[in-house]
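Here is the structure we will look at.
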Amino acid sequence: MLNYNRTNLHPATFLLLGIPGLETVHVWISIPFCLVYIESLMGNAALLFIVKTDHKQHEPMYLFLCMLSVADLMLTSSTLPKILSLFWFNYREIYFEACLTQMYLIHSLSTMESGFILAMAFDRYIAICHPLRHSTILTPAVIVGLGLGIVFRGAILLSPHPFLLRWLSYCRTNVIPHTYCEFMALIKLVCTETKIRRAYSLIVAFLTGGLDFILIICSYVLILLTVFNLPSKAARLKTLSTCVSHVWVILVFYTPAFFSFLTHRFGHHIAPHIHIFIANIYLLIPPMMNPIIYGVKTKRIRERFFKFLTIKCI
């Protein structure tokens, strides 16, 4: 029998099911999840330390990368501990308010991540298409302003989400067939009309992640037009090489994000465990891969990292 709050008709707690159909192997699934989480924490912390201690790295691209790393750390830390407790100890219960808080953090931080990736694309556009004006356009004040704007955009646009769900009647069940709380998983438990709330969520998703992706594509179209007008093949390859890391970050972030978004709304015939697994990859893989991509592709970060390891070993 559900334990409902008498005034608001919502359950006092929800029960997270985990990955439907794979409950018997949750313990085994937790092993790569835990390893990826540890790698995300260590990799992003190391990246922040390297950029902070090396003044040569205080360039717009690396400052935006640090902002992305902070968002990655907050996103993984708001979800993975609960997921691992579910897998290891079968601790499925989560309080209603805690569920709404987790849902807000996931969506707002994901929006911030998308914004920081867009800011990095803007940096590449200015550096390649207007190299002589790069330092005058992306001044420290502009970088701070862009960072704050991205944070406030994510925090404000997603702030209605908890309130859109707070006053609804959850009369169907209190079991969430997911490993964490997110908007579409919660709204499917509601037995009242939700068209307006779903429409708002869809509009916000387009105005943030969708619009960001369109602007990123536009910036790279302009970058490619500029690169193809360079006089030599060597110059073209050298210029494009400065964008490789960022392109990988874009692919790693947006591919699972779009797949998860589309399957939630239109992929009704996709097996639930596949959708939930992809949704978890969206949370796990980008925070782990971002420091690895920039560590491997960026010579200065790679050298600084190995120098730091050498000092520690000595």
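Looking at Ile203 and Tyr200, their side chains never come closer than 4.5 Å, going by heavy atoms from C-beta outward. Contact annotation: the side chain of Ser40 approaches that of Val36 to within less than 4.5 Å [non-hydrogen atoms, C-beta and beyond]. Using a 4.5 Å cut-off on side-chain heavy atoms (C-beta onward), Phe253 and Met289 make no contact. The shortest side-chain heavy-atom distance between Leu215 and Phe122 does not fall under the 4.5 Å cut-off. Between Thr226 and Thr239, every side-chain heavy-atom pair lies at or beyond the 4.5 Å cut-off. Between Leu105 and Leu75 there is no side-chain heavy-atom pair separated by less than 4.5 Å. Looking at heavy atoms from C-beta onward, Pro287 lies out of side-chain contact with Tyr37 at the 4.5 angstrom threshold. By the 4.5 Å heavy-atom criterion applied to side chains, Tyr91 and Leu16 are not counted as neighbours.
The distance between the ring centers of Phe116 and Phe64 does not fall below 6.0 angstrom. In this structure, the ring of His26 has its center no less than 6.0 angstrom from the ring center of Phe89. Ring pair Phe277/His275: centre-to-centre distance not below 6.0 Å. Between Phe183 and His161, the distance separating the two ring centers is shorter than 6.0 angstrom. Phe258 and Phe213 have their aromatic ring centers within a separation under 6.0 angstrom. For Tyr95 and Phe14, the gap between ring centers reaches or exceeds 6.0 Å.
Leu251 and Leu68 end up in the same hydrophobic cluster when Ile, Leu, Val, Met, Phe, Trp and Tyr side chains are linked at under 4.5 Å. In this structure, Met67 is not a member of the same hydrophobic cluster as Phe152, with clusters built from ILVMFWY side-chain heavy atoms closer than 4.5 Å. Val249 and Ile217 fall within a single hydrophobic cluster, where Ile, Leu, Val, Met, Phe, Trp and Tyr side chains are chained together by heavy-atom contacts under 4.5 Å. Note on Met184 and Phe163: separate hydrophobic clusters, where clusters join Ile, Leu, Val, Met, Phe, Trp and Tyr whose side-chain heavy atoms are under 4.5 Å apart, directly or indirectly. Side-chain heavy atoms closer than 4.5 Å link hydrophobic residues (I, L, V, M, F, W, Y) into clusters, and following such links, possibly through other members, connects Leu224 to Ile117.
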Start with the C-alpha gap between His246 and Asp123, add the side-chain angles, then the distance that decides, and say whether side chain to side chain donor-acceptor pair (under 3.5 Å) holds.
-> CA-CA 10 Å; His246 185 241; Asp123 169 77; over 6 Å; no
Can you check side chain to side chain donor-acceptor pair (under 3.5 Å) on Thr255 and Tyr282, steps first, answer last?
-> CA-CA 8 Å; Thr255 302; Tyr282 168 60; over 6 Å; no
Test log, rule side-chain contact (heavy atoms from CB on, under 4.5 Å), inputs Leu138 and Leu146 | CA-CA 10 Å; Leu138 288 175; Leu146 284 173; 4.2 Å; yes
Yes or no on side chain to side chain donor-acceptor pair (under 3.5 Å) for Asn290 and Asn44, after CA distance, side-chain angles and deciding distance?
-> CA-CA 8 Å; Asn290 292 341; Asn44 284 288; 5.7 Å; no
Given the rule in the side-chain contact (heavy atoms from CB on, under 4.5 Å) test, do Val51 and Leu65 qualify, once you have shown the distances and angles that lead to the verdict?
-> CA-CA 9 Å; Val51 174; Leu65 180 60; 5.7 Å; no
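Of the inter-residue distances, the one linking Asn174 atom CG with Leu15 atom CG reads 4.5 Å to the nearest 0.5 angstrom. Annotation: the span from Cys181 atom SG to His107 atom NE2 amounts to 9.5 Å, rounded to 0.5 Å. Leu283 CG to Leu80 CG: the interatomic distance, rounded to the nearest 0.5 Å, is 7.5 Å. From Cys243, atom SG reaches atom CD1 of Ile223 across 4.5 Å, with rounding to the nearest 0.5 Å. Taking OG1 of Thr111 as the start and CD1 of Ile156 as the end, the distance is 12.5 Å to the nearest 0.5 Å. Atom CD1 of Ile187 is separated from atom NZ of Lys195 by 12.5 Å, given to the nearest 0.5 angstrom.
Counting non-hydrogen atoms of other residues, nucleotides and ligands closer than 6.0 Å to CG of Leu225 gives a total above 12.
Pairing each heavy atom of Glu113 with each of Ala71, the nearest pair is CG-CB, 3.8 Å. Between Thr79 and Gln102 the shortest heavy-atom distance is CA-NE2, 3.8 Å.
Here the options are Ser159, Ser78, Cys99, the test is side-chain contact (heavy atoms from CB on, under 4.5 Å), and the partner is Tyr104; only Ser159 passes.
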